[in-house]
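Reading through the structure tokens given below for one structure.
What you are looking at is a predicted structure, and each value in this text was computed from that prediction instead of being measured.
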Amino acid sequence: MASPAVPFFLLLLFAILSNTFADPDLLQDTCVADLSSGVTINGFVCKPSNNLSANDFFFNGLKNPGLVNNSLGSLVTAANVLKIPGLNTLGVSLARVDYAPGGVNPPHTHPRATEIVFVLKGKLDVGFITTANVLISRTIKVGEVFTFPKGLVHFQKNNGVGNAAVIAAFNSQLPGTQTIAATLFAACPPVPNNVLAKAFQIGTKEVEKIKSRLAPKK
């Protein structure tokens, strides 16, 4: 019979070798995403290094407030690898979120990133829910920051009398966003009504009503 110490030794050796021989985060100075490439990988293939420009690392889309005249009263303007190809492989991105009075960035998750927000204007009620179903929340105002752990459901709500705005930072070039209501009630193909009715303890008519409100505009 093998000694109990052997499995532990193997695990320790594997951990050491993994850290020693794993590729570093970056294997070259830059890997500007070639968004036009048809090659599918876990990320984006690189443009030729002799075909780079400053514009690959530049984006001016966060300087102006976004239009918030929609049903949620908020707008997210992303500055990720799809807008800044030079972010490819760098593991960072930003977004600007603007809120009308009463506007909400509804409960959602970022499956690939932790988020931290910095308040530019106004004040917001923010929070996230742990996997133990505990709400962690508070009000934040200009100059303050708040963090939302990776993958946890979170939200922001502008309960002030004026507009509000934040800059959000992520430790991913493409954090991904799943808005809970839209994910469940506006999926394509749709989630079966009886599944949603059972999960939310409501009738199928209520499910259909919610789906009709969240259906993509044609």
Side-chain angles (χ1 to χ4, degrees), residues 35 40 42-43 61-62 65-84 87 93-117 119 122 124-137 140 146-160 163-218:
L35 300 178
T40 302
N42 186 26
L62 302 188
L67 298 177
V68 292
N69 55 342
N70 54 58
S71 60
L72 295 174
S74 70
L75 184 71
V76 178
T77 304
N80 55 38
V81 69
L82 300 178
K83 301 291 181 65
I84 311 172
L87 288 179
S93 60
L94 292 175
R96 174 176 177 142
V97 191
D98 290 282
Y99 315 80
V104 62
N105 191 5
H108 62 282
T109 70
H110 302 294
R112 297 185 290 274
T114 292
E115 175 183 4
I116 185 168
V117 296
V119 183
L124 297 160
D125 293 335
V126 301
F128 65 86
I129 300 94
T130 71
T131 56
N133 222 30
V134 176
L135 172 64
I136 309 295
S137 65
I140 56 175
F146 194 82
T147 303
F148 305 103
K150 178 180 179 178
L152 295 186
V153 176
H154 58 281
F155 62 88
Q156 303 106 37
K157 175 74 159 55
N158 179 10
N159 285 323
N163 285 13
V166 303
I167 291 291
F170 304 91
N171 63 338
S172 170
Q173 66 183 37
L174 196 61
T177 300
Q178 283 193 302
T179 302
I180 305 304
T183 296
L184 293 173
F185 290 90
C188 185
V191 178
N193 286 359
N194 58 357
V195 172
L196 296 172
K198 190 77 170 181
F200 288 91
Q201 297 294 290
I202 58 177
T204 54
K205 288 185 178 180
E206 285 81 359
V207 171
E208 291 172 356
K209 183 181 295 185
I210 297 171
K211 283 186 173 183
S212 68
R213 291 176 177 174
L214 294 176
K217 301 293 187 294
K218 296 182 180 180

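Ring-plane geometry between Phe128 and Phe146 is classed as tilted, the angle between the planes lying from 30 to 60 degrees on a 0 to 90 degree scale. Aromatic ring orientation, Phe170 versus His110: perpendicular (interplanar angle above 60°, classes split at 30° and 60°).
Looking at Asn163 and Pro101, their side chains come closer than 4.5 Å, going by heavy atoms from C-beta outward. In this structure, Pro175 and Glu115 have side chains that are not in contact, with every pair of non-hydrogen atoms separated by 4.5 Å or more.
Judged by distance alone, the side chain of Asp98 and the main-chain N or O of Gly66 form a donor-acceptor pair under 3.5 Å. With hydrogens and angles disregarded, a donor-acceptor distance shorter than 3.5 Å links the side chain of Ser93 to the backbone of Ser172. The backbone N or O of Tyr99 sits nowhere less than 3.5 Å from a side-chain atom of Ser74 that would complete a donor-acceptor pair. Judged purely by atom type and a 3.5 angstrom limit, Asp125 has no side-chain atom pairing as donor or acceptor with the backbone of Lys157. In this structure, Arg96 contributes its side chain and Ala165 its backbone to no donor-acceptor pair below 3.5 Å. Listed for the His154 side chain is a donor-acceptor partner under 3.5 Å among the backbone atoms of His108.
Minimum heavy-atom separation, Ala187 to Thr183: CB-O, 3.4 Å. Summarising the geometry of Leu62 relative to Ala79, their closest heavy-atom pair is CD1-CB, 4.0 Å, with the distance given to 0.1 Å. Across all their heavy atoms, Pro107 and Val153 have their closest contact at CB-CG1, 3.9 Å. Counting all heavy atoms, side chain and backbone alike, Leu152 lies closest to Thr131 at CD2-CG2, 4.0 Å. Thr109 and Pro111 get closest at one heavy-atom pair: O-CD, 3.7 Å. Between Gln201 and Lys198 the shortest heavy-atom distance is NE2-O, 2.6 Å.
Rounding to the nearest 0.5 angstrom, the gap separating the CD1 atom in Ile129 from the CZ atom in Phe148 is 10.0 Å. Rounding to the nearest 0.5 angstrom, the gap separating the CG atom in Leu94 from the CD1 atom in Ile116 is 11.5 Å. Between the CG atom in Leu124 and the CZ atom in Phe155 there is a gap of 11.0 Å [rounded to 0.5 Å]. Rounding to the nearest 0.5 Å places CD of Gln178 at 9.0 Å from CG of Leu184. Between atom CZ of residue Phe185 and atom CD1 of residue Ile210 there is a gap of 4.0 Å, rounded to the nearest 0.5 Å. Separating the CG atom in Asn105 from the CD atom in Gln156 is a distance of 4.5 Å, to the nearest 0.5 Å.
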Practice item. I would like to know whether Leu196 and Ile202 meet side-chain contact (heavy atoms from CB on, under 4.5 Å); could you show each step before the answer? Key: CA-CA 8 Å; Leu196 296 172; Ile202 58 177; over 6 Å; no
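Under 3.5 Å, the side chains of Asn171 and Lys150 contain no donor-acceptor pair of N or O atoms.
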